[in-house]
Amino acid sequence: MPNNFIHDFIDQDLAEGGQYEGRTVHTRFPPEPNGYLHIGHAKAIYIDFATAEKYQGLCNLRMDDTNPIREDVEYIDAIKEDVHWLGYDWGDRFYYASDYFEEMYGYAIELIEKGLAYVCELTAEEIRETRGTLTEPGQNSPYRNRPVEESLNLFSRMRAGEFEDGRMTLRAKIDMNSGNINMRDPVIYRIAHETHHRTGDTWCIYPMYDFAHPLEDAIEGITHSLCSLEFEDHRPLYDWFIENCSVPYIPRQIEFARLNIEYTVMSKRKLRSLVEEGIVDGWDDPRMPTISGLRRRGFTPQAIRNFCERIGISKVDSVVSHDFLEFCLREDLNDHALRGSAVLDPVKLIITNYPEDQTEQVEVQNFPYKPELGSHEMSFSREVWIERNDYAADPPKKYHRLYEGNEVRLRGAYIVKCTGHLEDEEGNITAVLAEYDPESQGGKAADGRKIRGTIHWVDVNAAIDSEVRIYENLFTVKEPDVSAADYHELINPDSLQVIEHAKLEPWLLQPEFRDSTFQFIRQGYFVQDNKDSTQEKPVFNRSVSLRDTYRPE
RNA sequence: UGGGAUGUAGCCAAGUGGUAAGGCACGGGACUUUGACUCCCGCAUUCGUAGGUUCAAAUCCUGCCAUCCCAGCCA
């Protein structure tokens, strides 16, 4: 992991005289179980876990479940699966913020006893009205200076369930004049008669994030609590709680910029609505930036980790280009994906001088620059499927594929010379015609003549039909999150293109290849859909296309 | 108008007083049984801007400008 400003801070903290001299670096990834993880979280996960690794420290996984109104067990297993899939392990340090509710309650009492917190009976609306604005200070609550005993009594009755939701809150007594609105007597406990997924009905008061989070970190002995930029002005509050509660450890919060990527959204709210409105096929739709979506799309954990490493860590608001994400995937897949043949938009090529009832086996490499990965056979006969756009009746300049009179190599098989095409009454091309050079087995000309074009093909007699799904960006603009328009208007209507009958060579469909991503030669990288693909009706997703620098004039 | 942050190429991003790393994208070339990959070459006389300090400034100082975050009993 390259160095970055966070590591500079850690180095200082660890150095002689630093605040964590002699300590083990301890980070945490604290998702709220209220949705699925997305690639923005992957960046945070990478930073938290890879930083711990770099310093031979530890990283905890913690469910930040302090608000039962929003959270659900449904998400917990998915979050664990995603973090593991990305390649990170939290050992036996899987925690829930809710495990600390009793301790937090104790710290709240401590604050009350110190005169640093009070039970406030203002309504939510009154609190808002007295909070002031960005430019005007707030006003003190009339309950601010009530006796400690009274707050203590009321707080225990809040816990006992004597009051309905919203009737009162516990507030920190800090400074209603602070320029930092977070310091204007923030609410630290609210009443919510709500069943919690873990603590059930044990509690009807729940701590707020600003109060809970520093305590969670302190209780777990976290040294560096890494979070995103919007918490920067919560840091004084974070430190205030750490200073005023007698916690066992002192954690340090450091903020970094969250990840944005072109042509997609990262807010849980919008992702959820895409799912709920049926615009996509669930949280794991291959067009979603969720970890499960990327997995289904065919991304590898390595590609995602490389991406996270290379975008860097800084405090600059940025939008990473979509190209870069694709580059990281291609780079990894290029080096790992076995090569196979598939024709996505098939048209027949008839080799008129090849015997009608003959079939032969030709050998093709599984991986061009890694011969140790072996080879496999493809059957070849008089009729093979080729891509419709590998033939041109009227070829543009510098077109190296099939057109009348031109020679092309059928990859791994033979060199063929195009002799024209067949068409129906409407002028649609129904087949391409060619003659093969029997002396060119394997695609090598006996006389050594150079053949410029090589195209892929699949034997008509052997081809297996498969559905292939081609994905494009979900949104039509680079930054849908910042657009003023309703995001529904920005959705790309062509983000999913379904090809019903692509022609695949049978080798691709061996059961042991079920979860492997392949390169379909000259097309891109494809993986079987982890939900819909079956042996009877295979379904492939295009993970990413190959780079294509061909520019017809 | 208060508070907190951030401005280095089209996009990320190093740089911490000694004369602008790297990656993506892009352009050109070589190689090629994937128009892929790989390999070469090119791509900021300038660091938001205006001044100042210094032999020397992206780095230090001052002013200005732009952008982002904060007024949940969300996280």
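Proteins come first, then strands; the chains are lettered A, B, ... in the order of their sequence lines, and each starts at number 1.
The distance between atom CZ of A:Phe520 and atom C1' of B:U34, rounded to the nearest whole Å, is 14 Å. Atoms CE (A:Met183) and C1' (B:G72) sit 18 Å apart, rounded to a whole Å. Here the C1' atom of nucleotide B:C74 and the CG atom of A:Asn182 are 13 Å apart, to the nearest Å. One interatomic measurement links the two molecules: CE of A:Met208 to C1' of B:A75, which rounds to 9 Å at whole-angstrom precision. The distance between atom CG of A:Leu229 and atom C1' of B:G3, rounded to the nearest whole Å, is 15 Å. Remark: P of B:A71 and CZ of A:Arg184 are 11 Å apart, rounded to the nearest angstrom.
Distance noted for atom P between B:G35 and B:G15: 41 Å (whole Å). The gap from the P atom of B:C37 to that of B:C11 amounts to 24 Å, rounded to the nearest Å. Atom P of B:A5 sits at a distance of 28 Å from the matching atom of B:G10, rounded to the whole Å. For B:G72 and B:U67, the C1' atoms lie 25 Å apart once the distance is rounded to whole Å. Rounded to whole Å, the separation between the P atoms of B:A58 and B:G4 comes to 28 Å. Rounded to whole Å, the separation between the P atoms of B:G42 and B:C55 comes to 37 Å. B:G27 and B:A66: their P atoms are spaced 36 Å apart (whole Å). Here the separation of B:A13 from B:G28, taken at their C1' atoms, is 26 Å to the nearest Å.
With A:Tyr414 as the aromatic partner, A:Arg409 does not meet the cation-pi criteria of under 6.0 angstrom to the ring centre and within 45 degrees of the ring axis.
Aromatic rings of A:Phe526 and A:Phe518 (six-membered ring for Trp) have centroids beyond the 6.0 Å cut-off, not under it. Ring centroids of A:Phe307 and A:Phe327 are separated by 6.0 Å or more, keeping the two rings apart. Two rings, from A:Tyr354 and A:Tyr436, have their centers less than 6.0 Å apart.
Using a 4.0 Å heavy-atom criterion, one finds that A:Lys450 contacts the sugar-phosphate atoms exclusively. Residue-level contact check: A:Phe327 touches the backbone only, with heavy atoms under 4.0 Å from sugar-phosphate atoms and none from bases. Residue contacts for A:His234: at a heavy-atom cut-off of 4.0 Å it reaches a base atom on one of the strands shown. Among the protein residues, A:Asn34 comes within range of no part of the nucleic acid, since none of its heavy atoms lies under 4.0 Å from any strand. Contacts of A:Thr123 with the nucleic acid, taken as non-hydrogen atoms under 4.0 Å apart, include base atoms. Among the atoms of the strands shown, only primed sugar atoms or phosphate atoms (P, OP1, OP2) are found under 4.0 Å from some heavy atom of A:Thr549. A:Lys268 comes within 4.0 angstrom of no nucleic acid atom, judged by non-hydrogen atoms across all strands. Among the protein residues, A:Ile127 comes within range of the nucleic acid bases, having at least one heavy atom under 4.0 Å from a base atom. As judged by a 4.0 angstrom heavy-atom cut-off over every strand, A:Tyr399 is placed among the base-contacting residues. Heavy atoms of A:Leu122 sit under 4.0 angstrom from at least one base atom. Here A:Met168 lies out of heavy-atom contact (under 4.0 Å) with every strand. Nucleic acid contact class of A:Phe231 (heavy atoms, under 4.0 Å, all strands): base. Across all strands shown, A:Val319 has heavy atoms under 4.0 Å from sugar-phosphate atoms exclusively, and none from any base. In this structure, A:Arg128 reaches the sugar-phosphate backbone alone: every heavy-atom distance under 4.0 Å involves primed, P, OP1 or OP2 atoms, never a base.
Among the nucleotides B:A75, B:U6, B:U34, the one closest to any side-chain atom of A:Lys315 is B:U6. Comparing B:G2, B:G23, B:A75 by their nearest atom to the side chain of A:Thr135 picks out B:G2. Checking B:C73, B:A71, B:G23 against the side-chain heavy atoms of A:Thr133 singles out B:A71 as nearest. Nearest nucleotide to the A:Arg411 side chain, out of B:G2, B:A75, B:U34: B:U34. When distances run from any side-chain atom of A:Leu546 to the nucleotides B:A25, B:U34, B:U32, the shortest one goes to B:U34. Taking every side-chain heavy atom of A:Asp317 into account, B:C68 is the closest of B:G35, B:C68, B:G72. Closest to the A:Phe324 side chain, of the nucleotides B:G2, B:C74, B:G23, is B:G23. For A:Ile181, taking side-chain heavy atoms from C-beta onward, the closest of the listed nucleotides B:A71, B:A75, B:U34 is B:A71. Listed candidates were B:U34, B:U6, B:C74. Nearest to the side chain of A:Arg339 is B:U34.
By the 30° and 60° cut-offs, the orientation of the rings of A:His41 relative to A:His38 is tilted. Taking the six-membered ring for Trp and thresholds of 30 and 60 degrees, A:Tyr403 and A:Tyr399 have ring planes inclined between 30 and 60 degrees apart.
Under 3.5 Å, the side chain of A:Asp233 and the base of B:G3 form at least one donor-acceptor pair of N or O atoms. Between the side chain of A:Arg547 and the base of B:G35, no donor-acceptor pair of N or O atoms lies under 3.5 Å. One donor-acceptor pair, N or O on each side, does fall under 3.5 Å between the base of B:U34 and the side chain of A:Gln519.
For the pair A:Ser314 and B:A13, the criterion of a side-chain N or O lying under 4.0 Å from OP1 or OP2 is met.
The neighbour count for A:Lys370 NZ, taken as heavy atoms of other residues, nucleotides or ligands under 6.0 Å away, is above 12. Heavy atoms from other residues, nucleotides or ligands lying under 6.0 Å from NZ of A:Lys315 number more than 12.
Under 4.0 Å is where a charged nitrogen must lie from a carboxylate oxygen, and between A:Arg542 and A:Glu472 at least one such pair does.
Within 90° of 0 lies the glycosidic angle of B:G72, which makes this nucleotide syn.
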